[in-house]
Each structure stands twice: as structure tokens, then as C-alpha cells.
S.K.: 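So that we are looking at the same thing, I have put the structure below in C-alpha cells.
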Number of protein chains: 2
Amino acid sequence: MSSARSSAGDPARTLALLWRDHAVVPRRGPSRGLSLDAVVAAAVEIADKDGLDAVTMRQLARKLDVAAMTLYTYVPGKAELLDLMLDAAYAAMPRTATAGQPWRKRLIAVADENRAMYRAHPWASTVSTIRPPLGPGQMAKYEHELSALDNLGLTDIDMDDCLTYLLTFVQACARAETSVRDIQRESGMNDEQWWAAAGPLLSRVMDEKKYPLATRVGTAAGTAHGSAHNADHAYQFGLQRVLDALSLLIDKASRRQSPAV
Amino acid sequence: MSSARSSAGDPARTLALLWRDHAVVPRRGPSRGLSLDAVVAAAVEIADKDGLDAVTMRQLARKLDVAAMTLYTYVPGKAELLDLMLDAAYAAMPRTATAGQPWRKRLIAVADENRAMYRAHPWASTVSTIRPPLGPGQMAKYEHELSALDNLGLTDIDMDDCLTYLLTFVQACARAETSVRDIQRESGMNDEQWWAAAGPLLSRVMDEKKYPLATRVGTAAGTAHGSAHNADHAYQFGLQRVLDALSLLIDKASRRQSPAV
DNA sequence: CCGTACATCGTACATCGTACATCGTACTGT
DNA sequence: ACAGTACGATGTACGATGTACGATGTACGG
């Protein structure tokens, strides 16, 4: 996989699994030792703790005290498993009731809920959901989030665009955070240590006269980034920018809908 | 790898390669059949055509008519190769001279240059550059892009933040485009076909009364997205939003610097 | 009470990155 | 001119990965 992707398996089979559409319940043979939910939950647990790469069929099987191939009686393959993991994560999200509040507050709640989900499941931020997992979790999430944009005078397509714009931003932030965490774990260095190691080497090998701005700004940014809470800062800062941008669309639409407001 | 990452190898070794710091030129043994540049160029070619996953040591070796292990005399490993590929892509970017133009035009040029680079090298959009490849290409790119934000009254850290904000947006757009392309190639279906396959299945399995907004908006967005140029649209639309957001910072800073403007 | 449907699982295969040992080449010191 | 050696190239091998295949055992329906 270039990057992990949702909905990479057979649509029919995947949808049946996501909606737990056990069309035919087996009537013969030994009873099952596990359940689909148990398999998915175990996979999510591994991914939460050790990252998506740690979710291998053998690892997962070991955790469930079962042979690797046994998993294939619960799930057609790894692609479908990923869809089930994502949809389960979506299904478990809290959905704050914000009806009656101004749209800005409602959208901030949506963003924060997503951020919390990515904090709990960092691996989810690395999955491309261009083709989303079409399960009950995703549907409930989508329904809830759209309600924050309903009755503002936006067209259906505008609603979807605005939501996508917001969620893309939150996912990009989460992805950056996840990346920092993963690379730190794999390299055994945090960013500060890495800069401390690479910085001197770099200035010995590059001609600082040739890149004056890069040297000056890079040094300033490097030391600032090494210091602290820049992920939080980037999120708060960026979210305000995103909401400002959306307000241009939303306020115009609202005015058109109800000129008094 | 959870996702591909730059600067995942040993910093010292990587920097020496990136800056072609051949400290000791070998004086003995057979002459080399290839060059570092040839190896990197071949890797980029494969990645451009068939995606980053297709860049395996064996594939690359086959393309260069050499045994797989031979590559390890040119490059310490795959992690370093990725850094070299990225830095080469950066180095090859055109850098439009926009001195004297208003900052908005300059930033649009920066964004467009990056977009063009990602179009030429879609795999580059999938690489996390939280720790950037500290090579001459990256430096030249950074120097050039910072110059578009220089003399606007911004602090060094603001300059870096603004640039990062812009480039993150462009990369997110490119990543989406790449994802669409990759998933289409792998699944053998374009998005329209996929929706056509999954849509009916979904509506049979889900209770549309339970998700009224999702059904209504999802259908509208689904058909609209199936139609056409939404990647371009998302880029143009989003870029304007990003620039609007940045103008709040920049105009304020400029006014502080030169109240007349 | 047997046939059969089904869960389980051991083995095997192709793929990956790369460690290691070997081989042959071409320069260096005499 | 020749030996010693540094170094490029490469064949083989190892431990991962996802999963196809076939054997084994279980429990229900006739």
C-alpha cells in the first residue's frame, strides 16, 4: 500500500460486513470461537497502541489466541478489516448536541470531536478516506456533522464542501501529530534531538551565504518548534482561519435566506 | 512504514549523500557502473510512472541492469533513497521570479509551483516531510519560497508558519488527487463507477429514514463529484480561502511596518 | 448415526528490505 | 613486473508480510 485506504475491498462484501448483514447464519459445523466485533476491537487496540503497521494478521491472531488463517473466516481480508476498524472508531465518537447554538460553536464542536477521535486513534489520521467506509458509524457521523451546517441557507453541495474543508483541515493536523509520534518512536529521537543532531551537520555542509533567508528563518523556526506545544497552536490557529474562511460563504447564504439576520 | 517519511535514516550519512559530499574518493577497485544521480533518477522515473510502492530495490535494480544488492554500494538503504528522490524533485522545480509583485501574486506562484511538482511526482504528496530532507533542493526551494514572504513585516516565525500553512494546503490537495488516481488504478474503477456500484447496495442495507440529511446531501454530493473537475475546483477555492486567512496576518503586519501602505 | 457443512489451522508461496560471504577487478607499493 | 589489498558486484539467505490451499475435526440435519 502506498498509503492505507478505506473501501479498497469488494463493495458488496464490505457493506454486508459493515452493516452486520448476516444474510445466512451458518446452521452446521462447530460454533465460532470469536465474533467479528471482537476481532475488530482487538485490531483497533493494536493499532492504538503500536500503530497501523503493527496490525498484521499474525499479530492480531496471536492477540486473539488463534491461528492466522482463522481470521479469514471472520473477515475476507485486511482491506475489509480496515474499513471495519474505521467505522467502529467513527461509531464510538460522542456527538455533542449543539442545536440552537451559533454555527461557529457547532462547527468547533465538530472539529473538536474529530480531533479527539484522532487523538484516541492516531492511525485513523493516516488513512485516506476518499472513498469512505460506508458503514453505520460513518453514516451516523456524517448525519450528525451535517446537522451543524443545516438551515444556514447553504445548498446541499455547499454543505458537503464546507464539511469536507473543515474535516480535511482537522485530519491534516492529526496526521502531522501522528507523524511526529511515529517518527519519534521509530528513530528513537524526538524532534529536538533530531534538530540538534542534524543542524550542526547541515551548517557544516551547506553554504549559509547562499541561503540567507533559509538559514535565518529556519534557525528561528527550528528552535521555536523544538520548544513546545506547536501542535495545539497550529490547530487552534488554523481552525480560526478555516472558520473565518467559511463565514464568507455561510453569512452570505444566511443573509440571502433571512435578510433580517 | 505506516506512511513514507523523509529523513528516516542516519542524519550524517544522509546529509553527506544529499550534498554529494564524497569525502573520500575511492582509489582502488573496479570503476563504478552507475552514478548516484542515475540511481536516483531511475527511482524517480519508476515512482512517477507506477507509484512509490513500485520502487522496490529489485525493480530499481532491474531497470538499471544490475543486481539488487549492487544498489547498496550507492545508497545505504531505502530510507536514504527516498530523501534523495524528494530532494531531486525539489531541486528540479522552476522558481518564478516575482520580486516587486504584490504578495498575493507571489504566494499564488509558490502554490502553483508546488502543485505542478506534485502533478509531475504524485508520490511526493504521500511523503510526510515533518522532518524535511535537508538537501540542496529543499534549501533552494525554502529560500525561494521565503522570499515571497520577506519584507512584509512578519517575524521569522510568522513567515515560517504562513509558508507551512500554505504548503500544507497544497500538499493536502495533491494527496487527495494522488489518492484518487492510485485507488482508481488499483481497483480498476473510477469514482463514478465505484459510487454506481456501492450506492444501490448501500441504500438497500441502510435505513434512509434514520439518516435523512446524510442521504439527501450525500446523494447530491455524490452525483456532483462523479461529474468532473472537482480537484481543480477544490484547489482554486481552497487557495483563495487560505490567502484570505493569511491576509489578516500579513496586512496587519505590513501596516505596522509602513503605515502609509 | 452417518454425511456434510463449516471452523480451525499447518504449510507453502511470492513479495519485501537487506545482512553476509564470495568473487573478481584494478590500483599501490615494491 | 608482480603481490597485496581495497572495493564494486552479486548469489544466497533470513525474517517479515498477506493469503491460497488442503487436511483435520466438530456438530447439526437427515
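Only this structure's heavy atoms are used, side chains among them; waters, hydrogens and symmetry mates stay out. Per chain, numbering begins at 1; letters A, B, ... match sequence-line order.
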S.K.: Which word best sums up how the rings of A:Tyr211 and B:Trp19 line up, parallel for under 30°, tilted for 30 to 60°, or perpendicular for over 60°?
M.R.: perpendicular
S.K.: Backbone N or O of B:Ser6 within a donor-acceptor pair of the B:Asp83 side chain at under 3.5 Å?
M.R.: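 It does not hold such a pair.
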S.K.: Nearest to the side chain of A:Thr73 - C:dT8, C:dC9, C:dG17?
M.R.: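 Closest of the options to the side chain of A:Thr73: C:dT8.
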S.K.: When the nearest nucleotide of DNA chain C is assigned to B:Pro30 and to B:Arg58 on a heavy-atom basis, which residue is associated with the more 5' position?
M.R.: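 Nearest-nucleotide comparison on DNA chain C picks B:Arg58.
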S.K.: Under a 3.5 Å cut-off for both distances, is D:dG22 Watson-Crick or wobble paired, and to whom?
M.R.: C:dC9
S.K.: Is A:Lys141 salt-bridged to A:Glu145, cutoff N-O under 4.0 Å?
M.R.: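 Yes, this pair counts.
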S.K.: D:dA9 phosphate, OP1 or OP2: any side-chain N/O from B:Tyr74 under 4.0 angstrom?
M.R.: yes
S.K.: Between C:dA19, D:dT19, D:dG8, which one does the side chain of A:Tyr72 approach most closely?
M.R.: D:dT19
S.K.: Checking side-chain contact (heavy atoms from CB on, under 4.5 Å) for the pair B:Tyr74/B:Leu64: CA distance, chi angles, key distance, verdict?
M.R.: CA-CA 12 Å; B:Tyr74 293 88; B:Leu64 292 165; over 6 Å; no
S.K.: Establish, with yes or no, whether the OP1 or OP2 oxygen of C:dC9 is under 4.0 angstrom from a side-chain nitrogen or oxygen of A:Thr70.
M.R.: yes
S.K.: Whole angstroms only, please: what is the CG-C1' distance between A:Asp65 and C:dT8?
M.R.: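 Checked: the CG to C1' distance equals 14 Å.
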S.K.: Whether A:Glu177 and A:Arg119 form a salt bridge (side-chain N of Lys/Arg under 4.0 Å from carboxylate O of Asp/Glu) is what I want to check.
M.R.: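 A:Glu177 and A:Arg119: salt-bridged.
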S.K.: Which nucleotide sits closest to the side chain of B:Lys78: D:dG18, C:dG10, C:dG17?
M.R.: C:dG17
S.K.: Checking B:Gln138 side chain against B:Asp87 main chain: does a donor-acceptor pair fall under 3.5 Å?
M.R.: no
S.K.: So what does B:Thr56 touch, heavy atoms closer than 4.0 Å: a base, only the sugar-phosphate, or nothing?
M.R.: sugar-phosphate
S.K.: With the side chain counted from C-beta on, respond yes when A:His121 and A:Leu86 share a heavy-atom pair under 4.5 Å apart, and no when they do not.
M.R.: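 No. Closest side-chain heavy atoms not under 4.5 Å.
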S.K.: Pick base, sugar-phosphate or nothing for B:Val55, based on heavy-atom distances below 4.0 Å to the nucleic acid.
M.R.: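 Touches sugar-phosphate only.
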S.K.: Does C:dC1 have a Watson-Crick or wobble mate here (both distances under 3.5 Å), and if so which one?
M.R.: D:dG30
S.K.: How close or far is atom P of C:dC13 from atom CE of A:Met69, stated in whole angstroms?
M.R.: 15 Å
S.K.: Starting from P on C:dG17, measure out to CG on B:Leu52 and report it in whole angstrom.
M.R.: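 From B:Leu52 CG to C:dG17 P: 11 Å.
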S.K.: What is the distance, to the nearest angstrom, from the CG atom on B:Leu64 to the P atom on D:dA9?
M.R.: 11 Å
S.K.: How many whole angstroms separate atom CZ of B:Arg13 from atom P of C:dT18?
M.R.: 13 Å
S.K.: What do the steps show when you test B:Trp123 against B:Asp53 for side-chain contact (heavy atoms from CB on, under 4.5 Å), and what is the final call?
M.R.: CA-CA 9 Å; B:Trp123 50 272; B:Asp53 285 350; over 6 Å; no
S.K.: Calculate the interatomic distance between A:Leu60 atom CG and C:dT8 atom P; express it in whole Å.
M.R.: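 Rounded to the whole Å, the gap is 13 Å.
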S.K.: Mind calculating the distance between CG (B:Leu71) and C1' (D:dA9) to the nearest angstrom?
M.R.: 11 Å
S.K.: Within this structure, what is the CD-to-P distance between A:Gln59 and D:dT17, rounded to whole angstrom?
M.R.: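 It works out to 7 Å between those atoms.
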S.K.: Pick out the pairs of N or O atoms, protein on one side and nucleotides 2-4 of chain D on the other, that lie under 3.5 Å.
M.R.:
none

